Amino acid sequence: MKIVVLTGAGVSAESGLGTFRDEDGLWTQYALEDVATPEGFARDPALVHDFYNARRQNCLSSAPNPAHFALATLQKSKAHEVVLVTQNVDDLHERAGSLDVVHMHGRLLGALCADCDARWDVAAAMAVDDPCPSCAAPASRPDVVWFGEMPYHMDEIMADLETCDLFAAIGTSGTVYPAAGFVDLARQAGAHTIEINPDPAGGGFDAVIAGPATTAVPDWVKSLVG
Ligand code: BV8
């Protein structure tokens, strides 16, 4: 069976990384327009770097949780073909052992040159005047997809959705497009669709497992790999 899994901030919530739209979520502390849009970056790059530097530190001091490990087990079991797509920019899936994670919204531990498109890994804080290692322009930005920018790997993701048998959305509010529309594409392709979320978003899934990721995901994976 071919399975496409889409994760959102909820899969990392119990690792201590904030979500966006829950009660004390990131979008209640920062205006999305100021820190997650190209216009916000042009207006105040230092604020945007501060926002991502804080999240990068938070990410580096956190650890994968049982949900991340269970998804890595599902991939490595080879019981099914598994495509893991994440909206998250943290590296907890990788640190739990997942391979080929499709980061459609980019990576906190990646940097991008706004001038020459060069990409490189970063673990430390980024600053406005950091020179690009390729063209030396002071145009470094976090390699994340902001609102109004095209998510990464869309062709690959669409092809996988059109050919999957099972689509599982884990820990996402189904608010942000195009990710929020993936369930419809999977259903149109004939896939069974399932949502795992303690507070289901109600996006017309065939099945819902209402529970936190750290217990619901390991149980779900056990049901797939025995
Ligand atoms: C684009 C950056 C076009 C990195 C993010 C229709 C079609 C297409 C676009 C649009 C459209 N309508 C509107 C748009 C524009 C926009 C959009 O969707 N706006 C929304 C607000 C309406 N979309 C875009 O701009 C996208 N780009 O469409 O480009 C284009 C075309 C041609 C050429 C150029 C461009 C780009 C979207 C990406 C934006 N970047 N992040 C970063 O800072 O992280 S999005 C941001 O939201 C994060 O990436 C996050 O992952 C994502 C989604 O949020 P969730 O992951 O779902 O998190 P949330 O807090 O919302 O929910 C948490 C969930 O977890 C909850 O359900 C909760 O119940 C659950 N939970 C809590 N605890 C647990 C749990 N679950 C399990 N266990 C727990 N313990």
Side-chain angles (χ1 to χ4, degrees), residues 5-41 47-56 58-59 62 64-71 84-93 101-112 126 141-155 157-158 168-185 194-203 205 208-220:
V5 176
L6 172 70
T7 60
V11 83
S12 299
E14 290 162 273
S15 293
L17 297 187
T19 63
F20 290 86
R21 295 168 184 84
D22 287 332
E23 210 165 287
D24 51 355
L26 284 166
W27 296 150
T28 63
Q29 302 158 43
Y30 290 87
L32 173 160
E33 299 71 21
D34 292 342
V35 292
T37 62
E39 296 78 12
F41 186 64
L47 172 68
V48 174
H49 277 306
D50 287 350
F51 175 65
Y52 285 99
N53 287 341
R55 290 178 60 197
R56 191 173 301 111
N58 199 10
C59 171
S62 67
N65 67 52
H68 297 106
F69 286 110
L71 291 172
L84 178 55
V85 180
T86 187
Q87 299 172 88
N88 300 340
V89 291
D90 63 61
D91 66 338
L92 296 182
H93 283 305
V101 181
V102 182
H103 279 278
M104 66 178 293
H105 291 164
R107 297 181 312 118
L108 263 181
L109 301 181
L112 167 66
M126 293 184 73
R141 56 167 280 186
D143 188 14
V144 298
V145 177
W146 286 326
F147 288 94
E149 296 183 325
M150 178 58 88
Y152 294 154
H153 313 295
M154 285 305 294
D155 291 346
I157 294 169
M158 305 300 270
I170 302 173
T172 180
S173 63
T175 315
V176 173
Y177 289 85
F182 289 173
V183 58
D184 300 326
L185 295 174
I194 180 171
E195 177 182 23
I196 299 178
N197 194 320
D199 178 16
F205 289 84
V208 173
I209 299 175
T214 50
T215 50
V217 176
D219 290 349
W220 176 64

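Atoms considered below: every heavy atom in the structure, side chains included; atoms not considered: hydrogens, waters and symmetry mates. As the structure lists them, so they are numbered: ligands from 1, and atoms in each ligand from 1. Only a predicted model underlies this, so the values are computations on that prediction, with no experimental measurement involved.
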If we ignore hydrogens and angles and just use 3.5 Å, is the side chain of [X] paired with the main-chain N or O of [Y] as donor and acceptor?
X: D34; Y: G40; result: no
X: E14; Y: A213; result: yes
X: D90; Y: L108; result: no
X: E195; Y: F205; result: no

Taking only heavy atoms of G8 into account, list the atoms of ligand 1 that are under 4.0 Å away from them. 56 (O)
Numbering the atoms of ligand 1 from 1, which are under 4.0 Å from a heavy atom of Y52? 4 (C), 42 (C), 43 (O)
Look at ligand 1 and say whether [X] reaches it with a heavy atom at a distance under 4.0 Å.
X: A36; answer: no
X: G148; answer: yes
X: R55; answer: yes

Within reach of ligand 1, part of [X] (heavy-atom separation under 4.0 Å):
X: Q87; value: both
X: A213; value: both
X: T172; value: both
X: W146; value: backbone

Please state which protein non-hydrogen atom is closest to [atom] and give its distance, to 0.1 Å?
atom: atom 64 (C) of ligand 1; answer: G171 O, 3.5 Å
atom: atom 76 (N) of ligand 1; answer: P198 CD, 3.2 Å
atom: atom 16 (C) of ligand 1; answer: F147 CD2, 3.8 Å
atom: atom 71 (N) of ligand 1; answer: G10 CA, 3.6 Å
atom: atom 30 (C) of ligand 1; answer: M150 CE, 4.2 Å
atom: atom 73 (N) of ligand 1; answer: A13 CB, 3.8 Å
atom: atom 40 (N) of ligand 1; answer: V145 O, 2.7 Å

Could you work out, for [atom], the closest of [options] by heavy-atom distance?
atom: atom 70 (C) of ligand 1; options: N197, D90, D199; result: N197
atom: atom 23 (N) of ligand 1; options: Y152, Y177, Y30, F51; result: Y177
atom: atom 22 (C) of ligand 1; options: V89, I209, T175, L17; result: T175
atom: atom 49 (O) of ligand 1; options: E149, H103, H105; result: H105

Taking N or O atoms only and a 3.5 Å limit, does L32 qualify as a polar contact for ligand 1? no
Are any of the N/O atoms in G211 less than 3.5 Å from those in ligand 1? no
Does L71 reach the side chain of I170, with side-chain heavy atoms less than 4.5 Å apart? yes
State, with a plain yes or no, whether a side-chain heavy atom of N88 is found less than 4.5 Å away from one of L17. no
Side chains of [X] and [Y] only: does a donor on one sit below 3.5 Å from an acceptor on the other?
X: H68; Y: S12; answer: yes
X: R55; Y: N58; answer: no
X: D143; Y: Y152; answer: yes

Protein non-hydrogen atoms only, distance under 4.0 Å: does atom 13 (C) of ligand 1 have such a neighbour? no
Should the pair W146 and F41 be assigned to parallel (<30°), tilted (30 to 60°) or perpendicular (>60°) ring geometry? tilted
Closest heavy-atom contact between D199 and N197? N-OD1, 2.8 Å
